[in-house]
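Working notes, structure below.
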2 protein chains.
Amino acid sequence: MKEYSILTAKEQKAYDFIVRYSKKYGKYPLLIEIAKGIDIKSKGVAHRYVKSLEKAGKISRFSNKHRGISIVEKKPIFLKSLGSIAAGGPIEAISDQQRIELEYLFTNKKSYALKVKGDSMIDAGIHDGDWVIIEESKKFYKSKVHVILIDNQDVTLKYIEKENSEEIKLIPANKSYKESTYPIERISIQGYVVGQVRIY
Amino acid sequence: MKEYSILTAKEQKAYDFIVRYSKKYGKYPLLIEIAKGIDIKSKGVAHRYVKSLEKAGKISRFSNKHRGISIVEKKPIFLKSLGSIAAGGPIEAISDQQRIELEYLFTNKKSYALKVKGDSMIDAGIHDGDWVIIEESKKFYKSKVHVILIDNQDVTLKYIEKENSEEIKLIPANKSYKESTYPIERISIQGYVVGQVRIY
DNA sequence: TCATATGAGAACTTTATGAGAACTTTATGA
DNA sequence: TCATAAAGTTCTCATAAAGTTCTCATATGA
């Protein structure tokens, strides 16, 4: 029995048929119709494919019901809007535009997430235990928080400034911490923070 | 058997073929197709390369499955490991468990998102422009940040304490702001903060 | 010479696919 | 309600194709 979600050729064909049928007739097909639709004669075999599709999460089924199939819609990451809560307060509902922005943050192939330890960036609103979303970059920007690899060994989150042609200054966002200066060759910029997430 | 991740010439050729094939056909190749693709005749040898690629972390496999190969993306949505970046720094990689937690945060049916205006909760790490994920609740908890509707009109984010049987105290997380007390009938608790997101 | 990389191909195991019988459950009409 | 037809479920049997493991063999460089 299958344990993964890659479909075989026939499973894919069966799935495609179910989608086509339901769009055309507004209802889901019988097993015997699926069998005919994928050029086989046995409804038992059709049933086997239907069970595989269920296991793969492509459809859901109501056991024993006639036409007891339904297609599973993929649910994207999205957030519901505010609904009944009145506007005008210190919070506002999220627009579709912002929703897309958020979706991008989590699906962008060039970014990855790191969990923060320590509080050296607390004044930038990045707390111990938060996650930061990093976009890869070799360059640095004055206003962004960067992921920096020091001596190919230690990783840290800091603001960056160019001290002179051979040195770089790393600036924490916490008054209890000091700035530090490193020669360029000891520093490797990994990327910068594009997002931050906290789970309570 | 190999213990390191440098590919031999033929392994690289096999990997390149798999990438090309999957882009061209939208599915992964059979062993015999890989063999042909790298100019050899033995599917047994192709299998040996495929196993090496798996060991090197370039692909993953579903044993015995036809076309049971898939290419490992270097940067999945939520990074599995830090790669060359050593541990011990102030950040750490995210585990699958945490990834599920995050996914839940955004797909949970009972929660919604609000955008924060103002800085009354800044000491709790909730800044102006952040989004907070709210889980609906009529009850309140001393340690949680709540969404509160006042006089059915104004919405605010505050900590809550019970002052006495008829009054409730709303506590901001910002020393510049004062606590305020309201009679219970003017207050409606909407939910509490379970997550927070910031886009830079 | 020894370890490694490479290749062929046989032998074996597992998967993918199909037919269809036998049985259970559902839908439906009298 | 109840009988019956229709649909869903489970099962065995079968076969081709694909994956896996293995031995044998050659070449090459340290």
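The basis for the numbers below is simple: all heavy atoms, side chains too, and nothing from hydrogens, waters or symmetry mates. Chain identifiers are assigned alphabetically (A, B, ...) following the order of the sequence lines, protein sequences preceding nucleic acid strands; residue numbering begins at 1 within each chain. Since this is a predicted model, take the numbers as computed values, not measurements.
- Between A:Ser63 and D:dG8 there is no side-chain N or O to OP1 or OP2 distance below 4.0 Å.
- Checking the phosphate oxygens (OP1, OP2) of D:dT10, a side-chain nitrogen or oxygen of A:Lys51 falls inside 4.0 Å.
- When both distances must be under 3.5 Å, the Watson-Crick or G-U wobble mate of C:dT26 is D:dA5.
- Using a 4.0 Å cut-off, no side-chain N or O of B:Arg48 falls inside it from OP1 or OP2 of D:dT21.
- As the counterpart of C:dA3, D:dT28 is assigned, both hydrogen-bonding distances of the Watson-Crick or G-U wobble pattern falling under 3.5 Å.
- Residue whose closest nucleotide on DNA chain C sits further toward the 5' end, between B:Gly44 and A:Tyr49: B:Gly44.
- Residue order along DNA chain C, read from the 5' end via each residue's closest nucleotide, puts B:Lys41 first among B:Lys41 and A:Lys43.
- Taking atom CD1 on A:Ile34 and atom P on D:dA7, their separation rounds to 13 Å, with Å as the unit.
- Nucleotide D:dA18 holds its P atom 11 Å from the NZ atom of B:Lys36, rounded to whole Å.
- The side-chain tip of B:Lys144 points at the ring of B:Tyr141 from less than 6.0 angstrom away and within 45° of straight on.
- Counting non-hydrogen atoms of other residues, nucleotides and ligands closer than 6.0 Å to OH of A:Tyr25 gives a total of 12 or fewer.
- Residue contacts for A:Phe62: at a heavy-atom cut-off of 4.0 Å it reaches no nucleic acid atom on any strand shown.
- Looking at A:Thr156 and A:Lys158, their side chains do bring a donor and an acceptor atom within 3.5 Å of each other.
- Relative to the side chain of B:Asn64, the nucleotides D:dG19, C:dT26, C:dG18 differ in distance, and D:dG19 lies closest.
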What verdict does the side-chain contact (heavy atoms from CB on, under 4.5 Å) test give for A:Leu157 and A:Val147, after you've listed the backbone C-alpha separation in whole Å, the side-chain angles of each residue and the deciding distance to 0.1 Å? CA-CA 5 Å; A:Leu157 285 178; A:Val147 178; 3.5 Å; yes

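- Residue B:Thr8 places at least one side-chain N or O under 4.0 Å from the OP1 or OP2 atom of C:dT6.
- Considering only the side chain of A:Val45, C:dA19 comes nearest among D:dT20, C:dA19, C:dT17.
- Using the Watson-Crick or G-U wobble rule with both distances under 3.5 Å, D:dT12 pairs with C:dA19.
- Residue B:His66 contributes atom NE2, which lies 13 Å from atom C1' of D:dT15 at whole-angstrom precision.
- Following rounding to the nearest Å, B:Ile32 (CD1) and D:dG19 (C1') show an atom-to-atom distance of 11 Å.
- Not a single donor-acceptor contact under 3.5 angstrom links the side-chain atoms of B:Ser42 to the base of C:dG7.
- Other residues, nucleotides and ligands contribute more than 12 heavy atoms inside 6.0 Å of the NZ atom of B:Lys13.
- Between D:dT9, C:dT6, C:dG18, one nucleotide has an atom nearer to the side chain of A:Leu31 than all others, and that is D:dT9.
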